[in-house]
Each structure stands twice: as structure tokens, then as C-alpha cells.
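Taking it in order: structure first as C-alpha cells, then the write-up.
In this text, all values refer to a predicted model and were calculated from it rather than measured experimentally. In what follows, every heavy atom counts, from backbone to side chain, and hydrogens, waters and symmetry copies are set aside.
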Amino acid sequence: MIKLFTDSTCDLSKDLLERYDISVIPLYIQLGDKSFKDGIELLPNQIYEWANENKKTPKTSSPDLASVISALSEFDNEGTEIIYTGISESMSSTISVIRLAAEELKYAKVYAIDSMNLSTGIGLQLLRMGKLREEGLSAQEIVNRITADRCKVKAGFVVDTLEYLYRGGRCNAVTALFASALKIKPEIAVTDGHMVVARKFRGNIHSVIEKYVNGLKEEISKADEEHIFITHSGGVEDIAEEIKSQIEAMGYFKEIHITTAGGVIASHCGPKTLGVLFYSK
């Protein structure tokens with residue numbers, strides 16, 4: 001038996017998690033002196049309200065060791081192998097906690113993969129794992145395939161405001177002020193496990209997202225056709241539906257998913273962030 005695990009930054013819907021039998025370990029979000037489990041005890045809108053009221057970005061942290069041990073120990077029986085992938089190791093210590101929990105349990109059949117990604121960039125890898133498991137591949141074969149192909153995951157997001165990234169220490173004050181004054185909306189891409197600025201757009205978020213998606217059309221037309229995600233952090237639901245309709249008209253993808261970012265991603269990117277994520281061939 002092969003069991004799939006991830007963390008709450010994967011941003012997969014409940015339906016997809018259930019369909020592929022994926023268990024989620026929540027990260028933590030701290031609002032002031034109170035800590036909440038991501039995806040369980042806190043919604044993005046509550047995060048935005050707190051952040052705007054306090055002029056701060058919430059702190060986020062990896063799951064505690066005891067919780068991970070408890071989650072993994074349910075499957076600590078002969079014949080069950082666990083494959084975990086979650087938020088990039090360069091962005092979080094979560095994968096280190098998974099490895100430590102496996103050591104504490106003396107559970108040799110835990111494979112912890114660095115996704116080198118975030119949000120549904122992780123989700124794409126999980127769905128591919130689920131498909132490979134259905135095809136009968138062994139855990140080690142799945143790990144090898146996913147690791148070899150993780151560089152093919154195309155993950156990027158257009159960010160409406162740099163305020164949240166600035167508050168969280170991921171960009172400086174001058175950059176945030178400059179971007180705000182010129183109405184610049186950057187595309188944040190994930191490259192080798194790190195977030196980098198890929199392109200810069202000007203205008204309101206609706207026109208910017210349209211430019212962003214138009215710039216991806218050639219890549220999308222050559223993508224792996226199994227899954228494509230439109231993932232957003234709230235406030236752009238209408239645009240997400242428009243993009244889905246455009247992609248559906250291509251008649252290319254087997255499944256087109258709209259998902260909402262969880263609390264950890266929302267904490268750092270802020271509202272009206274949207275990305276289109278897919279595997280290249």
C-alpha cells in the first residue's frame with residue numbers, strides 16, 4: 001500500500017484530496033499571540049482583515065513534530081509506504097519535520113520529496129503521484145518519476161499588491177512603494193524552489209491578469225493535457241471563471257481546476273493574487 005501525504009500549502013480542493021486519497025498536515029498561522037491551523041481554524045478573509053487592521057503580515061510556521069508523528073503513525077504498519085511532498089524546502093522547514101518524525105518513529109518507508117514549489121505547483125505533483133500509483137508503480141518508482149519531472153512544473157502568480165510580501169520581509173520598502181506608485185503588478189514565478197519576479201505589468205488587476213494569461217497561451221497550448229490549475233487568493237473569482245472558459249474553448253485539457261489558496265499562501269501574497277499552473281511536456 002502507498003499512502004500520499006502533503007501539507008496545507010498544496011491548495012488542492014477537498015474533492016481532489018479525497019479522490020486521490022491524500023492526507024494533509026496543516027502548517028500554522030500566527031495572528032499576534034494566537035496560533036491557528038491552516039485550512040482548519042482560519043480563512044483567508046480573516047487573515048486579510050487582521051493584516052490590514054494591524055499593518056502586518058501574519059507569521060507562518062511548519063507543523064509541530066508531535067502532530068506529524070501522530071499523523072504518520074496511523075500508517076506505521078508493515079507494507080504501507082508513505083510518500084510526502086509539500087512546500088519547497090527553501091521556503092519552509094516542513095519537510096525537515098517530516099523526516100525527523102520518520103526517524104523518531106523508526107519508519108523506514110517514508111519518502112519525503114522536496115517539491116521545489118508551492119500551492120498547486122505541489123498539487124500537480126500530487127495528482128501525478130496518484131495516477132502513477134493507480135498504474136501500479138512502486139513507491140520508489142513514483143519518487144524517481146516525480147523528482148525527475150518537478151522542473152517541468154510551471155508555477156507563477158500575478159500579485160495585486162506587494163504590501164503583503166513587504167510586510168513579510170520578502171521585498172523591500174522601496175520596491176513596494178515604487179510598484180504601488182506606478183501601479184506595477186509583478187508576476188512571481190517559482191524557479192528552483194525560490195520565488196522570483198518574472199514579468200512586470202501595469203494597470204488594474206483585471207487587465208494585468210488578462211495580459212499575464214495571454215503571455216502564457218503558447219506554453220499552455222504545449223502543456224501536459226492531464227490537469228491545469230487556476231489558483232487565486234480571493235477577490236478575482238469572476239476573472240478565474242473567465243480564464244477557465246477560455247481554456248475550455250481550447251478543447252485541450254482533460255481537467256481544468258479552479259482552486260482557492262489556503263491561509264499560508266494568502267498570508268504572503270495577499271488578496272487578488274491569481275496564477276495558472278501546469279506541467280510542461
Side-chain angles (χ1 to χ4, degrees), residues 1-14 16-31 34-42 58-130 132-133 137-150 153 190 192-194 261-265 267-268:
M1 175 181 173
I2 298 172
K3 175 64 184 175
L4 302 182
F5 264 90
T6 187
D7 63 55
S8 57
T9 65
C10 73
D11 293 342
L12 290 178
S13 66
K14 183 179 178 181
L16 287 172
L17 291 170
E18 290 178 352
R19 191 203 308 181
Y20 289 89
D21 187 25
I22 301 167
S23 291
V24 177
I25 297 172
L27 273 71
Y28 286 94
I29 302 168
Q30 189 169 339
L31 304 184
K34 295 182 180 179
S35 187
F36 303 89
K37 290 183 178 179
D38 182 24
I40 298 174
E41 300 173 335
L42 201 62
K59 294 180 180 179
T60 59
S61 61
S62 59
D64 61 281
L65 181 60
S67 295
V68 176
I69 288 175
S70 176
L72 298 186
S73 63
E74 291 184 34
F75 300 91
D76 187 6
N77 55 71
E78 188 174 350
T80 300
E81 296 178 284
I82 289 174
I83 306 177
Y84 162 87
T85 194
I87 190 168
S88 172
E89 190 166 12
S90 66
M91 300 180 191
S92 171
S93 61
T94 299
I95 196 169
S96 297
V97 179
I98 303 294
R99 291 169 179 153
L100 183 56
E103 290 177 11
E104 290 284 325
L105 288 167
K106 295 182 172 56
Y107 198 166
K109 295 180 179 179
V110 174
Y111 301 84
I113 306 173
D114 180 4
S115 73
M116 299 183 72
N117 226 294
L118 50 70
S119 188
T120 44
I122 304 165
L124 284 160
Q125 297 177 61
L126 288 160
L127 300 193
R128 182 167 285 190
M129 282 185 200
L132 294 173
R133 180 179 56 184
L137 273 68
S138 69
Q140 186 62 66
E141 288 171 329
I142 293 172
V143 169
N144 293 345
R145 290 274 292 273
I146 295 299
T147 303
D149 289 344
R150 63 190 171 188
V153 175
V190 182
D192 297 328
H194 298 272
V264 169
I265 303 300
S267 292
H268 295 292

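Side-chain contact check for L12 versus L127: some heavy-atom pair is nearer than 4.5 Å. By the 4.5 Å heavy-atom criterion applied to side chains, F5 and V68 are not counted as neighbours. In this structure, the side chains of T94 and T9 stay at 4.5 Å or more apart for every pair of heavy atoms. Proximity of L105 to S73: side-chain heavy atoms (C-beta onward) are separated by under 4.5 Å at one or more points.
Residues D11 and T120 have side chains that never bring a donor and an acceptor to within less than 3.5 angstrom of each other.
Closest non-hydrogen pair, S92 versus L27, comes out as OG-CD2, 4.2 Å. Residues A112 and I98 share a closest heavy-atom pair of CB-CG2, 4.4 Å. For the pair P26 and V24, the tightest heavy-atom approach, listed with the atom from each and the gap, is CD-O, 3.7 Å. Contact record, A101 with L72: CB-CD1, 4.0 Å, taken as the closest heavy-atom pair. The minimum heavy-atom distance linking A139 with Y111 is given by the pair CB-CE1, 3.6 Å. The nearest pair of heavy atoms linking P58 to I29 is CB-CG2, 3.8 Å.
For the pair S93 (side chain) and S96 (backbone), a donor-acceptor distance under 3.5 Å is absent. Looking only at distances, no side-chain donor or acceptor of Y20 sits under 3.5 Å from a matching main-chain atom of M129. Using a distance-only test at 3.5 Å, with no hydrogens or angles considered, a donor-acceptor pair links the side chain of S267 to the main chain of G263. Put simply, the side chain of T147 never gets that close to the backbone of N144: no donor and acceptor are under 3.5 Å apart. A donor-acceptor pair under 3.5 Å links the side-chain atoms of K3 to the main chain of D21, judged by distance alone. At distances below 3.5 Å, at least one donor-acceptor pair connects side-chain atoms of D7 with backbone N or O atoms of I87. Within the 3.5 Å criterion, the main-chain N or O of G86 finds a donor-acceptor partner in the side chain of S115. A donor-acceptor contact shorter than 3.5 Å is absent between the side chain of S8 and the backbone of G39.
A salt bridge is absent between E41 and K34: the closest approach of a Lys/Arg side-chain nitrogen to an acidic carboxylate oxygen does not fall below 4.0 angstrom.
In this structure, CD1 in I95 is found 12.0 Å from OG in S62, a value given to the nearest 0.5 Å. Of the inter-residue distances, the one linking E89 atom CD with N117 atom CG reads 14.0 Å to the nearest 0.5 angstrom. Atoms CG and NZ, on L42 and K37 in that order, are 13.5 Å from each other to the nearest 0.5 Å. Between the CG atom of L4 and the CD1 atom of I82 there is a distance of 10.0 Å, given to the nearest 0.5 Å. S138 contributes atom OG, which lies 13.5 Å from atom CZ of R133 (distance to the nearest 0.5 angstrom). In this structure, CE in M91 is found 11.5 Å from OG1 in T60, a value given to the nearest 0.5 Å.
Exactly one of R128, R145, M116 qualifies for a side-chain contact (heavy atoms from CB on, under 4.5 Å) with R150. That residue is M116.
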Give the C-alpha distance, both sets of side-chain angles, the deciding distance and a yes or no for side chain to side chain contact (heavy atoms under 4.5 Å, CB included) between I146 and T85. CA-CA 10 Å; I146 295 299; T85 194; 5.8 Å; no
